[in-house]
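Structure record follows, encoded as structure tokens.
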Number of protein chains: 2
Amino acid sequence: MASLGDLERAVMDLLWAGQEAATANTLRDLLAKSTRAEGGSAGHEGKDLAVTTVLTVLSRLERKGLVERERGTRPHRYQSVSSREEHTAELMHEVLGSAPDREAVLARFIGSVTDTEAETLRKLLGRN
Amino acid sequence: MASLGDLERAVMDLLWAGQEAATANTLRDLLAKSTRAEGGSAGHEGKDLAVTTVLTVLSRLERKGLVERERGTRPHRYQSVSSREEHTAELMHEVLGSAPDREAVLARFIGSVTDTEAETLRKLLGRN
DNA sequence: GGGAGACTTCTACATGACGTAGAAATGATT
DNA sequence: AATCATTTCTACGTCATGTAGAAGTCTCCC
């Protein structure tokens with residue numbers, strides 16, 4: 001239900017980054033960040049997009065329920081509905097639920113988790 | 001990298017089912033199963049597809065690395081590269097890896113897992 | 001109040017994935 | 001060799017996505 005294209009993904013990343021940084025997250029902010037992140041690692045690199053392009057994507061993300069926009073303020077404020085972590089965790093659940101035998105999947109999943117992660121999990125599941 | 005369409009998904013399900021049942025998993029087998037599963041629960045229901053349609057999908061799945069086919073035997077034998085559980089677990093890892101802070105994601109993930117699943121996880125992670 | 005510029009909405013097009021399948025090629029069977 | 005099964009090629013419609021121009025709407029300043 002929620003697969004994102006490269007640009008959509010990139011925009012979500014911008015939003016998430018802005019969330020953490022408690023930015024206004026107005027269209028202009030996003031564009032600024034996007035161009036500034038030019039030299040970044042992976043992702044949707046360079047060639048600054050047209051304003052409308054980003055707007056279109058934001059609208060689509062809104063339709064998909066991933067983004068919410070405040071229409072009250074004039075330059076609308078955009079923000080992701082859930083944090084990157086929540087979103088990702090949800091996706092994981094979605095995937096997990098796509099198989100009939102969830103327990104079996106979990107077994108495989110745990111099997112290839114890093115040691116650190118395993119440790120984290122133990123803590124999280126801590127006896128109770 | 002690996003999102004499947006409805007039909008592709010349905011075909012994978014057939015393959016997986018065949019795997020468990022240790023069927024020959026030849027095109028004919030798949031078609032048979034598919035029509036028989038007509039009344040099934042969800043998925044790609046009814047209206048038996050053209051033989052070529054399924055073949056096309058199988059080829060695409062092969063290209064995607066999800067299906068392997070034995071070209072030696074005459075009616076080719078098709079089989080999934082990994083079990084449904086492995087495949088699903090891999091997907092989960094893929095998703096998990098898509099976020100920078102994996103630990104945080106795991107935290108959220110664990111937070112919304114059923115009790116039974118949590119129990120399973122504890123067992124799987126049991127002191128080593 | 002009216003104009004300029006910022007911001008948003010509409011509309012549109014290209015590309016690629018996927019569902020769907022006919023036509024043609026290839027292999028098996030008698 | 002003729003026939004039938006199986007596979008490969010080719011093709012088309014639809015939908016998601018990247019991309020953006022044109023036009024409409026708001027704000028702000030003079």
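Note on naming: letters A, B, ... go to the chains in the order of the sequence lines (proteins, then strands), and numbering restarts at 1 for each one. The basis for the numbers below is simple: all heavy atoms, side chains too, and nothing from hydrogens, waters or symmetry mates. Computed from a predicted model, the values in this text were never measured in an experiment.
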Sequence-distant partners of A:Tyr78, ring-ring contact (aromatic ring centres under 6.0 Å, His included), two or more places apart:
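Expected list: none.
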Taking atom types as modelled and ignoring hydrogens, do the side chains of [X] and [Y] form a donor-acceptor contact shorter than 3.5 angstrom?
X       : Y        : answer
B:His93 : A:Ser112 : yes
B:Ser59 : B:Arg69  : yes
A:Gln19 : A:Ser83  : no

Are B:Arg84 and A:Asp101 close enough for a salt bridge, meaning some N to O gap below 4.0 Å?
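No, this pair does not count.
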Are the charged groups of B:Glu68 and B:Arg77 less than 4.0 angstrom apart, N to O?
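Not counted as a salt bridge, because no side-chain N and carboxylate O are separated by less than 4.0 Å.
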Backbone N or O of A:Ala104 within a donor-acceptor pair of the A:Arg108 side chain at under 3.5 Å?
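Yes, A:Arg108 side chain to A:Ala104 backbone: donor-acceptor pair under 3.5 Å.
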Below 4.0 angstrom from OP1 or OP2 of [N], is there any side-chain N or O of [X]?
X       : N      : result
B:Arg9  : C:dG19 : no
B:Arg69 : D:dT8  : yes
B:His76 : D:dT7  : yes

Closest-nucleotide mapping onto DNA chain D: is B:Thr56 or A:Thr73 further toward the 5' terminus? I mean the 5' end.
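Between the two, 5'-proximity favours B:Thr56.
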Using heavy-atom distances to pick each residue's nearest nucleotide on DNA chain D, tell me which of B:Tyr78 and A:Gly5 is more 5'.
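The residue whose closest nucleotide sits nearer the 5' end is B:Tyr78.
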Measure from [atom1] on [X] to [atom2] on [N] and round the result to the nearest Å.
X       : N      : atom1 : atom2 : result
A:Asp6  : D:dG18 : CG    : P     : 6 Å
A:Arg71 : D:dT27 : CZ    : P     : 14 Å
B:Leu31 : D:dT6  : CG    : C1'   : 11 Å
A:Leu55 : D:dT17 : CG    : P     : 18 Å
A:Leu49 : D:dT19 : CG    : P     : 5 Å
A:Leu58 : D:dA20 : CG    : P     : 15 Å
A:Leu61 : D:dG18 : CG    : C1'   : 12 Å
A:Leu4  : D:dG18 : CG    : P     : 9 Å

5' precedence on DNA chain C between A:Arg60 and A:Pro75 (nearest-nucleotide basis)
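Closest to the 5' end, via its nearest nucleotide, is A:Pro75.
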Counting primed atoms, P, OP1 and OP2 as sugar-phosphate and everything else as base, the B/S/- map of nucleotides 23-30 of chain C against protein heavy atoms under 4.0 Å is B--BSS--
Report the nucleotide, chosen from C:dG19, D:dT17, D:dT19, that has the shortest atom-to-atom distance to any side-chain atom of A:Leu7.
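Nearest to the side chain of A:Leu7 among the choices is D:dT19.
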